[in-house]
Amino acid sequence: MNLSLQNIHIRQYQESDFTRIQELNQEEGWNNLVEKNEDTMEAWKNSNVTFVVEVEGGEIGGYIRGLTDTRITLYICELLIDKKYRGLGLGKELLQHAHGLYPKTRMELLASSTSHTFYESQNYRPFYGFRKTFEE
């Protein structure tokens, strides 16, 4: 891939990006987000950290969605890069962009068993947490 980080553009999410975001979710196998399409769309509308990264030609190559109180915590809900653009630094750029907007915050996120090495390489440290859905 001949993509250079000088040829990318991080911008605020727009509602017209949602179809592409759901395509990325489906390609990744994040079926919960795909199946709950309306809830996922509402989550994007109600999140205050929502960015996409455009690659050459304006294609959306990835996204980041999160929530922040702007002072203490910045929680990343999802970070996803199209498989064909992985390894080029787009995820790192999105994380730095979001954290740079809220430099006083600590950034927290969950990682899958396949992505934890990426976060560790970016100097994130593991921490212990819990999760429960309302139905459980």
Side-chain angles (χ1 to χ4, degrees):
M1 176 86 27
N2 251 350
L3 183 68
S4 143
L5 290 182
Q6 294 151 356
N7 297 328
I8 69 160
H9 174 65
I10 296 174
R11 64 166 174 79
Q12 189 72 44
Y13 159 81
Q14 300 166 5
E15 203 169 317
S16 60
D17 301 327
F18 187 73
T19 299
R20 175 65 179 140
I21 286 167
Q22 286 292 66
E23 288 172 2
L24 289 170
N25 289 336
Q26 185 164 18
E27 290 168 13
E28 190 63 20
W30 290 358
N31 298 322
N32 190 43
L33 296 175
V34 175
E35 291 166 7
K36 295 182 176 182
N37 191 64
E38 293 300 315
D39 289 339
T40 302
M41 183 181 289
E42 285 300 310
W44 275 88
K45 288 179 183 176
N46 291 307
S47 298
N48 57 357
V49 177
T50 55
F51 297 98
V52 298
V53 59
E54 289 182 339
V55 295
E56 292 176 306
E59 179 185 4
I60 294 174
Y63 72 81
I64 191 168
R65 183 181 75 82
L67 305 164
T68 186
D69 55 26
T70 76
R71 293 294 184 265
I72 305 296
T73 303
L74 167 58
Y75 178 75
I76 301 303
C77 304
E78 292 107 29
L79 169 68
L80 184 57
I81 304 300
D82 188 321
K83 290 176 183 175
K84 67 185 174 192
Y85 297 119
R86 290 183 187 166
L88 302 173
L90 299 182
K92 179 180 178 181
E93 290 294 318
L94 280 168
L95 287 167
Q96 288 178 340
H97 180 80
H99 208 187
L101 294 172
Y102 309 102
K104 291 183 174 185
T105 62
R106 65 178 179 234
M107 185 183 290
E108 297 181 352
L109 50 89
L110 297 174
S112 69
S113 60
T114 57
S115 65
H116 73 90
T117 53
F118 165 75
Y119 295 108
E120 289 168 352
S121 76
Q122 303 300 312
N123 295 320
Y124 288 84
R125 62 186 181 280
F127 69 97
Y128 187 73
F130 296 92
R131 175 184 275 175
K132 181 181 183 205
T133 61
F134 186 77
E135 295 85 20
E136 294 175 306

- prompt: Are side-chain heavy atoms of Asn37 and Phe18 found at a separation under 4.5 Å?
  reply: yes

- request: Mind running side-chain contact (heavy atoms from CB on, under 4.5 Å) on Tyr85 and Val53 for me, showing each step along the way?
  value: CA-CA 11 Å; Tyr85 297 119; Val53 59; over 6 Å; no

- request: For Val49 and Ala98, work out which heavy atoms get closest and say how close.
  value: CG1-CB, 4.0 Å

- prompt: Which distance, rounded to the nearest 0.5 Å, do you find between the CZ of Arg11 and the NE2 of His97?
  reply: 11.5 Å

- prompt: Looking at side-chain heavy atoms only, is the closest gap between Lys84 and Glu59 below 4.5 Å?
  reply: yes

- request: Give a yes or no on whether Leu67 and Leu74 share a hydrophobic cluster (residues Ile, Leu, Val, Met, Phe, Trp, Tyr; joining criterion: side-chain heavy atoms under 4.5 Å apart).
  value: no

message: Side chains of Gln14 and Asp17 only: does a donor on one sit below 3.5 Å from an acceptor on the other?
response: no

task: Compare all side-chain heavy atoms of Asn25 with those of Gln22 and state whether any distance is below 4.5 angstrom.
output: yes

- prompt: Any side-chain heavy atom of Glu93 sitting closer than 4.5 Å to one from Gln96?
  reply: yes

message: Is it true that, when you exclude Lys45 itself, more than 12 heavy atoms of the residues, nucleotides or ligands shown sit nearer than 6.0 Å to its NZ?
response: yes

statement: What one should report as the nearest heavy-atom pair of Lys83 and Glu27 is NZ-O, 3.4 Å

query: Nearest heavy-atom pair of Met107 and Leu109: which atoms, and what distance?
result: SD-CD2, 4.2 Å

message: When you group the ILVMFWY residues by side-chain heavy-atom contacts below 4.5 Å and let the links chain together, are Leu79 and Tyr75 in the same group?
response: no

query: If only atom types and distance count, is the side chain of His99 paired as donor or acceptor with the main-chain N or O of Thr105 below 3.5 Å?
result: yes

query: What's the spacing between Met41 CE and Asn46 CG if we round to 0.5 Å?
result: 12.0 Å

- prompt: If you take all heavy atoms of Gly66 and Ser47, which pair is closest and at what distance?
  reply: O-CB, 3.4 Å

CD1-CG distance between Ile64 and Leu95, expressed to the nearest 0.5 angstrom: 4.5 Å

message: Could you see if Val55 belongs to whatever hydrophobic cluster contains Leu88? Use Ile, Leu, Val, Met, Phe, Trp, Tyr and a side-chain cutoff under 4.5 Å.
response: yes

- request: Can you measure from CG (Leu101) to CZ (Phe51) and round to the nearest 0.5 angstrom?
  value: 5.0 Å

- line: Those residues at least two apart in sequence (or on a different chain) that pass side-chain hydrogen bond (donor to acceptor under 3.5 Å, both in side chains) with Glu35 are none

message: Go through it in stages, so that I can follow the logic: the residues are Leu80 and Arg86, the test is side-chain contact (heavy atoms from CB on, under 4.5 Å), and I'd like the CA-CA distance, side-chain angles, deciding distance and then a yes or no.
response: CA-CA 9 Å; Leu80 184 57; Arg86 290 183 187 166; 3.5 Å; yes

- prompt: In Å and rounded to the nearest 0.5 Å, what is the CD to CG distance from Glu54 to Leu90?
  reply: 12.0 Å

- request: Determine, stepwise, if the pair Tyr13 / Arg65 fulfils side-chain contact (heavy atoms from CB on, under 4.5 Å).
  value: CA-CA 9 Å; Tyr13 159 81; Arg65 183 181 75 82; over 6 Å; no

- request: Would you name the heavy atoms of Pro103 and Gly100 that are closest together and state the gap between them?
  value: CD-O, 3.4 Å

query: Does the pair Asp82 and Arg20 meet the rule for a side-chain contact (heavy atoms from CB on, under 4.5 Å), with working shown?
result: CA-CA 10 Å; Asp82 188 321; Arg20 175 65 179 140; 2.6 Å; yes

- prompt: Side chains of Arg106 and Thr73: donor-acceptor distance under 3.5 Å anywhere?
  reply: yes

field: From CD1 (Ile8) to CG (Leu94), nearest 0.5 Å
entry: 7.0 Å

query: Where does the angle between the aromatic ring planes of Trp44 and Tyr63 fall among parallel (under 30°), tilted (30 to 60°) and perpendicular (over 60°)?
result: perpendicular

